[in-house]
Amino acid sequence: MAKEGRQPSMMWLFFSPSGRIGRLPFLLAWLFWFAVGSIFLVQMMKNEVDDAALALWTLALIVSGVLSTLSIAMLAIKRLHDIGYPGPLALCLFIPVLSPIVFIGLCLWPGANRANEYGSRRDAPARRLIPPCTFQRSPSM
């Protein structure tokens, strides 16, 4: 059986805008980042009196915050692709008043059951439809 496109991986799931994901992987990935942030926050609170440990856990929280923000943007793009909308609409997740509404909408709105312009199947990277560019020299005059 021939493989179609690239195979899904954790790196693709969290940090690539290519392809489509369904509602469950989207929600589980959000919960993963919520749990990571919560663990670091609890560790910060446990180590309030120890300055070195507090600095370490604060740095870990900041790094996980940056990574989770990038990842959540990529997850939202793939979720929007599954619904059939373009990725730039993911910016609505970063507008404070719209964020909860968009998040709930992305968790509840069903995706397209058929192939769309963003991929032929759900929970997989998009197949490359355009061949890589090849540069040709134009004839000299």
Side-chain angles (χ1 to χ4, degrees), residues 1-140:
M1 184 167 160
K3 295 180 182 177
E4 181 184 335
R6 300 175 306 189
Q7 293 299 309
S9 67
M10 294 305 272
M11 200 67 170
W12 166 79
L13 175 65
F14 287 112
F15 298 108
S16 172
S18 168
R20 301 165 48 185
I21 59 171
R23 294 176 284 188
L24 184 60
F26 177 74
L27 181 61
L28 291 176
W30 266 80
L31 290 175
F32 168 77
W33 285 118
F34 181 77
V36 168
S38 297
I39 289 168
F40 291 145
L41 192 59
V42 166
Q43 291 299 322
M44 282 176 55
M45 295 169 99
K46 273 179 36 179
N47 294 296
E48 282 182 315
V49 293
D50 184 7
D51 290 339
L54 181 62
L56 176 69
W57 289 112
T58 302
L59 179 63
L61 181 66
I62 291 169
V63 169
S64 74
V66 169
L67 289 175
S68 69
T69 301
L70 293 172
S71 176
I72 286 169
M74 297 301 123
L75 290 165
I77 289 170
K78 287 192 289 273
R79 185 69 192 111
L80 285 165
H81 285 174
D82 187 45
I83 297 169
Y85 290 110
L89 286 176
L91 292 175
C92 292
L93 272 173
F94 300 102
I95 299 172
V97 175
L98 292 178
S99 182
I101 298 166
V102 172
F103 173 70
I104 291 169
L106 290 175
C107 287
L108 297 178
W109 196 294
N113 288 329
R114 64 200 178 320
N116 64 18
E117 63 185 279
Y118 301 107
S120 59
R121 60 190 176 110
R122 186 175 292 147
D123 301 328
R127 223 177 92 200
R128 184 177 219 152
L129 298 176
I130 302 170
C133 290
T134 55
F135 295 101
Q136 297 177 358
R137 294 182 77 158
S138 59
S140 57

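This one's a predicted model, so the numbers in the text were calculated from it and none came from an experiment. Heavy atoms only: backbone and side chains are in, while hydrogens, waters and symmetry mates are out. Throughout, residue positions are numbered sequentially from 1 according to the sequence presented.
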If you look at every heavy atom in Ser64 and Val36, which pair is closest and at what distance? CB-CG1, 3.9 Å
Taking Ala126's backbone N and O only, do any of them form a donor-acceptor pair with Ser18's side chain (distance below 3.5 Å, no angle check)? yes
What one should report as the nearest heavy-atom pair of Tyr118 and Pro86 is OH-CA, 3.3 Å
Once side-chain contact (heavy atoms from CB on, under 4.5 Å) is applied, do any residues pair with Leu93, and if so which ones, sequence neighbours excluded? Trp30, Ile72, Ala76, Ser99, Val102, Phe103, Leu106
Would the distance check show the side chain of Ser120 and the main-chain N or O of Ala115 forming a donor-acceptor pair, the cut-off being under 3.5 Å? no
What's the shortest heavy-atom distance between Ala90 and Ala73, and which atoms? CB-O, 4.2 Å
Say whether, by atom type as modelled, one donor and one acceptor occur between the side chain of Asn116 and the main chain of His81 under 3.5 angstrom. yes
Reported CG-to-CG distance for the pair Leu98 and Leu89, which is rounded to 0.5 angstrom: 11.0 Å
Distance, nearest 0.5 Å, that separates CD1 of Ile21 from CG of Leu75: 4.5 Å
According to salt bridge (charged side-chain N to carboxylate O under 4.0 Å, His left out), does anything in residues 71-93 pair up with another residue at least two apart or in another chain? List the pairs. Arg20-Asp82, Arg79-Asp82, Asp82-Arg122
Measuring from atom CD1 of Ile104 to atom CH2 of Trp109, what distance do you get when rounded to the nearest 0.5 angstrom? 14.0 Å
With Ser68 via side-chain hydrogen bond (donor to acceptor under 3.5 Å, both in side chains) - residues at least two apart: none
When every non-hydrogen atom of Pro8 is compared with those of Ala124, the smallest separation belongs to CG-CA, 4.3 Å
Does Leu67 have any side-chain contact (heavy atoms from CB on, under 4.5 Å) partners at least two apart in sequence or in another chain, and if so, which? Phe15, Trp33, Val63
Pro110 and Ile83: which non-hydrogen atoms are nearest, and at how many Å? O-CG1, 4.2 Å
Please list every donor-acceptor pair under 3.5 Å in which a side-chain atom of residues 44-59 meets a protein atom from a residue at least two apart or in another chain.
from: Asn47; atom 1: ND2; to: Gln43; atom 2: O; distance (Å): 2.9
from: Thr58; atom 1: OG1; to: Leu54; atom 2: O; distance (Å): 2.6

Quick one: SG on Cys92 to CD1 on Ile95, what's the gap to the nearest 0.5 Å? 4.5 Å
Quick one: list whatever passes ring-ring contact (aromatic ring centres under 6.0 Å, His included) with Phe94, sequence neighbours left out. none
Taking all heavy atoms of Cys107 and all of Leu27, pick out the closest pair and write down the distance. SG-CD1, 3.9 Å
Could you check whether atom OH of Tyr85 has more than 12 heavy atoms from other residues, nucleotides or ligands sitting under 6.0 Å from it? no
